[in-house]
Number of protein chains: 4
Amino acid sequence: MSLSIQQKFEAPAMPRSDDGRRRKPTRIQSLRQGEIIKAGLEVFARYGFKGATIDQIAEKAGMSKTNLLYYYRCKEDIYLSVLQRTLEMWIAPLEEMRADGDPALEIRAYIARKIRFSREHAVASRVFAMEILQGAPNLERVIRDDIRAHVEERAAVIRAWADAGKIRKIDPYHLFFTIWAATQTYADFSSQIAAILDKPALDGGDFDAAEETLCDLILNGLLPG
Amino acid sequence: MSLSIQQKFEAPAMPRSDDGRRRKPTRIQSLRQGEIIKAGLEVFARYGFKGATIDQIAEKAGMSKTNLLYYYRCKEDIYLSVLQRTLEMWIAPLEEMRADGDPALEIRAYIARKIRFSREHAVASRVFAMEILQGAPNLERVIRDDIRAHVEERAAVIRAWADAGKIRKIDPYHLFFTIWAATQTYADFSSQIAAILDKPALDGGDFDAAEETLCDLILNGLLPG
Amino acid sequence: MSLSIQQKFEAPAMPRSDDGRRRKPTRIQSLRQGEIIKAGLEVFARYGFKGATIDQIAEKAGMSKTNLLYYYRCKEDIYLSVLQRTLEMWIAPLEEMRADGDPALEIRAYIARKIRFSREHAVASRVFAMEILQGAPNLERVIRDDIRAHVEERAAVIRAWADAGKIRKIDPYHLFFTIWAATQTYADFSSQIAAILDKPALDGGDFDAAEETLCDLILNGLLPG
Amino acid sequence: MSLSIQQKFEAPAMPRSDDGRRRKPTRIQSLRQGEIIKAGLEVFARYGFKGATIDQIAEKAGMSKTNLLYYYRCKEDIYLSVLQRTLEMWIAPLEEMRADGDPALEIRAYIARKIRFSREHAVASRVFAMEILQGAPNLERVIRDDIRAHVEERAAVIRAWADAGKIRKIDPYHLFFTIWAATQTYADFSSQIAAILDKPALDGGDFDAAEETLCDLILNGLLPG
DNA sequence: GATGAATGAGGCTTCATTCAT
DNA sequence: CATGAATGAAGCCTCATTCAT
């Protein structure tokens with residue numbers, strides 16, 4: 001699947017060939033852009049778009065600000081690239097849910113993937129969350145245009161399971177909203193959760209417990225008595 | 001209950017009496033401060049701390065920037081006041097859950113209160129969420145010191161219900177994390193949800209559906225088969 | 001003697017009678033103005049004109065800023081009043097030097113008066129010094145117009161003593177400049193002097209030693225061998 | 001000798017190499033910093049720290065405010081650099097006084113150097129004076145820690161001369177205070193002196209007369225009858 | 001007399017971005 | 001490719017001063 005946030009998105013600052021078309025990025029360009037995205041992910045996650053500074057990103061990426069601006073025209077372009085990346089990561093787990101599988105197994109696996117995402121890509125999750133929180137100015141369109149369709153497909157699966165009596169009747173959309181929220185919270189609100197658990201930070205055991213509790217709750221809630 | 005984020009918190013720019021204690025705020029002071037908090041809530045929710053500008057808040061509050069700074073020494077003080085307000089609103093629903101009530105009713109009522117909060121105070125919820133998202137720099141301590149204890153009390157209730165066989169065994173903390181996430185998402189991530197539902201914004205019916213789905217799911221999940 | 005810095009000087013903010021003439025200041029007006037001048041002296045001495053704030057002065061004077069501005073139209077007026085005061089204090093010691101006295105005694109007494117001034121009115125001395133340092137924008141005229149004449153009178157005394165062979169020939173102006181500088185330095189530069197002497201602040205003994213050393217030096221330097 | 005006001009002092013805004021050490025300043029950096037210090041000297045001398053504005057300094061230095069802030073992180077850093085410069089100039093004349101020289105010649109030469117400093121670097125002298133006047137907040141430590149020792153060395157020379165009967169017994173510290181004050185006054189208080197002498201400004205003849213009068217007075221005062 | 005409320009100008013600093021090398 | 005130099009817009013905050021009670 002290819003989701004694209006915006007057109008301006010597809011073309012960073014890179015020089016063009018004489019006829020105005022973009023050239024294929026050189027090896028070093030791809031390399032540097034990857035470093036920048038990685039650095040940007042961390043900085044945007046912590047400080048938000050306005051709060052982040054190009055200097056911070058450049059430093060974390062180990063290059064000068066001016067050099068960074070050689071690869072990305074402006075701050076917003078970095079941000080959009082970062083968002084694009086998070087978007088792809090966000091959608092991935094959903095893709096794998098299969099209509100012909102066993103509902104319990106499929107749902108359990110989906111929850112597991114989402115929890116793993118929160119655990120391994122908490123920073124990306126937070127960038128995504130912050131964008132949504134602010135009204136999703138850069139994501140609204142792509143969500144409405146592309147992601148909605150994907151969700152609709154999966155919702156149909158849920159609905160089919162319910163119609164077949166394999167799970168209780170439930171609004172599939174709100175089921176997804178609940179699963180998303182309940183899994184992502186371990187990335188997005190981990191500082192609150194860690195504070196409540198009186199730990200310095202969440203560890204592997206916490207994520208395991210989260211997954212188990214959540215699977216129990218949801219599967220018990222979903223499966224027919 | 002009185003939660004206090006910080007000491008500096010307790011006193012805006014207002015003049016003091018000779019002995020250094022705060023005087024009782026005049027009517028107009030309370031009025032203006034209320035207007036500022038209200039405006040700040042909206043602006044901080046949309047743009048985050050760094051992204052918000054005093055000018056925006058002042059304009060929304062219908063006063064000049066300088067006048068606003070007559071009531072709050074600096075931007076951070078406004079923000080802390082706003083956070084304080086959201087914190088109090090956030091904790092309130094938890095307080096009402098009663099150990100001697102019927103588990104199903106109590107949990108259902110708790111979820112309803114949380115959903116109502118998301119519906120009626122979405123802006124406050126977002127400010128709170130954004131603070132947590134950024135690592136809760138201003139809330140970490142009060143969560144660890146005060147809120148944790150409150151949650152522990154309610155967790156004990158859940159545990160007691162489970163021990164009495166009234167509900168299934170479940171980790172009470174993760175249950176709360178799930179409920180919080182699943183309810184607050186309708187405030188914090190409403191723009192995503194609305195986009196998925198292909199609506200311009202969430203309406204009352206959406207919140208009702210959310211509440212119903214969530215109650216079904218959680219209660220089915222919790223109550224003994 | 002009456003030295004007047006400027007015309008605007010003669011009339012603070014005080015209300016006028018109906019025919020526009022100033023009224024005689026009431027007792028409370030004189031009282032408050034005295035408090036303000038005293039406070040202003042300290043604040044201007046420490047922070048300079050720009051660095052001083054009306055708030056600081058008001059606080060030190062124990063009144064509200066607005067109230068202070070009831071007595072003085074603006075910051076500059078306070079400053080000018082303060083300067084006026086320092087000017088009068090500065091000129092006083094010079095007035096007492098008598099032509100018909102014994103040169104040694106007169107000069108010794110003059111130095112003693114100047115040292116006493118530095119000791120007892122260090123703050124005023126510093127305000128005066130700071131004004132001069134900045135080019136004496138408010139004092140230049142009155143120095144040229146009034147003080148110069150006073151100095152000229154005393155210079156004539158010195159010259160007469162020299163002509164009479166009571167003291168060596170010396171340029172009387174530069175003699176005064178030396179005495180002024182050498183005595184005032186114990187007020188104006190006391191922080192440097194205290195640091196060199198490795199003390200927290202100058203004490204009575206230091207001023208005594210200063211006076212003695214200075215008198216010895218100058219009298220030995222002046223009196224005919 | 002190397003006097004250092006503060007650590008923060010040693011490094012303007014300039015970029016660092018990866019290991020955090022400062023790089024050698026480029027030619028243009030040294031150039032611009034010199035221009036800034038020169039401009040700062042004049043502006044701080046006239047208006048004091050608070051009274052001076054970065055804009056004024058930038059304009060005098062012939063660059064934009066922002067560009068100036070590219071070289072110095074903040075106003076205080078400029079000021080500290082300026083102070084550092086004046087400090088070095090202030091201490092220099094003291095260093096050359098030699099114990100094995102003839103007292104009369106050495107003292108005369110010292111006075112001459114101090115007068116020359118007042119004449120040629122009046123602006124620096126005033127910046128230094130203003131700092132001291134305000135309580136030497138930035139110089140107190142370096143005076144107490146470093147300069148005091150230098151003065152102590154020279155004081156020992158004076159004391160040795162006195163013990164050897166080459167000059168009268170005198171407190172060497174207060175002797176220095178007098179010489180400093182009496183020479184620096186021609187820089188610091190030149191506007192007052194010029195007004196008393198009824199001249200627009202001091203000229204070479206005035207400094208010569210000052211030097212001569214002062215040398216006469218002090219040497220007559222010091223040398224054994 | 002005295003104080004609370006309000007304002008506008010000005011100053012410091014940050015930061016994205018552009019220019020030159 | 002990469003960096004140093006330069007800029008302008010914008011934001012926070014201070015402060016003298018005025019208005020209204």
Side-chain angles (χ1 to χ4, degrees), chain A residues 13-15 26 28-29 31-32 50-58 63-78, chain B residues 13-15 17 23 25-29 31-32 50-58 63-78, chain C residues 13-15 26 28-29 31-32 50-58 63-78, chain D residues 13-15 17 23 25-29 31-32 50-58 63-78:
Chain A
M14 292 301 91
T26 66
I28 189 158
Q29 280 174 15
L31 183 65
R32 288 280 183 274
K50 283 278 295 199
T53 73
I54 295 184
D55 264 321
Q56 285 173 303
I57 300 173
M63 65 186 75
S64 73
K65 177 169 55 169
T66 327
N67 196 17
L68 185 154
L69 284 169
Y70 174 76
Y71 293 101
Y72 285 90
R73 205 192 326 268
C74 62
K75 187 183 177 181
E76 195 185 7
D77 280 359
I78 312 169
Chain B
M14 292 299 88
S17 37
R23 303 207 203 104
T26 65
R27 195 148 48 269
I28 190 159
Q29 282 173 18
L31 183 66
R32 288 278 182 276
K50 285 275 296 200
T53 74
I54 293 186
D55 262 322
Q56 284 173 304
I57 300 174
M63 64 186 77
S64 73
K65 177 171 51 173
T66 325
N67 194 200
L68 185 154
L69 285 168
Y70 174 71
Y71 292 100
Y72 285 90
R73 216 190 305 280
C74 60
K75 186 183 177 181
E76 194 186 7
D77 278 1
I78 311 170
Chain C
M14 293 299 90
T26 65
I28 191 163
Q29 282 174 12
L31 184 65
R32 288 278 182 275
K50 283 278 295 200
T53 74
I54 294 185
D55 265 321
Q56 285 173 304
I57 300 172
M63 65 186 75
S64 73
K65 178 168 57 168
T66 329
N67 196 18
L68 185 153
L69 284 168
Y70 175 75
Y71 293 102
Y72 285 91
R73 206 191 323 268
C74 63
K75 186 182 178 183
E76 195 184 8
D77 279 359
I78 312 170
Chain D
M14 292 300 88
S17 36
R23 304 208 203 103
T26 65
R27 195 147 49 271
I28 191 161
Q29 281 174 18
L31 183 65
R32 288 280 182 275
K50 286 275 295 200
T53 75
I54 293 186
D55 262 322
Q56 285 173 306
I57 300 174
M63 64 185 77
S64 74
K65 177 169 52 173
T66 326
N67 194 201
L68 186 154
L69 285 168
Y70 174 70
Y71 292 100
Y72 285 90
R73 214 189 307 278
C74 63
K75 186 182 176 181
E76 194 186 7
D77 278 1
I78 313 171

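Keep in mind it's a predicted model, so treat the numbers as computed, not measured. Throughout, protein chains are lettered first and strands after them, A, B, ... in sequence-line order, and every chain is numbered starting at 1.
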Measure from CE on B/Met63 to P on E/dT7 and round the result to the nearest Å. 9 Å
Roughly how far, to the nearest 0.5 Å, is CG of D/Leu69 from CD1 of D/Ile78? 6.5 Å
Does F/dA2 have OP1 or OP2 under 4.0 Å away from a side-chain N or O of A/Arg32? yes
Taking the nucleotide of DNA chain E with the nearest heavy atom to each, does B/Ser64 or C/Leu68 sit closer to the 5' end? C/Leu68
With sequence neighbours excluded, what pairs up with D/Thr66 under the side-chain contact (heavy atoms from CB on, under 4.5 Å) test? D/Ser64
According to side-chain contact (heavy atoms from CB on, under 4.5 Å), who are the partners of B/Ile28, at least two apart in sequence or on a separate chain? B/Thr26, B/Arg32, B/Tyr71
Figure out the CG/P separation between C/Asp77 and F/dA16, and round it to whole Å. 14 Å
Could you tell me how far apart B/Tyr70 (OH) and E/dA5 (C1') are, to the nearest whole angstrom? 5 Å
Between F/dG4 atom P and D/Leu31 atom CG, what is the distance in whole Å? 17 Å
For DNA chain F, which consecutive runs of 3 or more Watson-Crick or G-U pairs (each distance under 3.5 Å) count as stems? E:2-21 with F:2-21
For the pair made of CD in D/Gln56 and C1' in E/dG11, what is the distance, rounded to whole Å? 11 Å
For B/Lys65 and B/Ile54, which heavy atoms make the closest approach, and how far apart are they? CG-CG2, 3.5 Å
Examine F/dT7: is either OP1 or OP2 under 4.0 Å from a nitrogen or oxygen in the side chain of D/Asn67? Give yes or no. yes
Could you tell me whether the phosphate oxygens of F/dC1, OP1 or OP2, come under 4.0 Å of any side-chain nitrogen or oxygen in A/Tyr71? no
OP1 or OP2 of F/dG4 under 4.0 Å from side-chain N/O of D/Gln29: no
Quick one: list whatever passes salt bridge (Lys or Arg N to Asp or Glu O under 4.0 Å) with A/Lys75, sequence neighbours left out. none
Between E/dA5 and B/Thr26, is there an OP1 or OP2 to side-chain N/O distance shorter than 4.0 Å? yes
Could you tell me the separation between the CD1 atom of B/Ile57 and the C1' atom of F/dC12, rounded to a whole number of Å? 12 Å
Given protein heavy atoms under 4.0 Å, the one-letter contact record of nucleotides 16-21 of chain E, with B base, S sugar-phosphate only and - none, is simply BBBB--
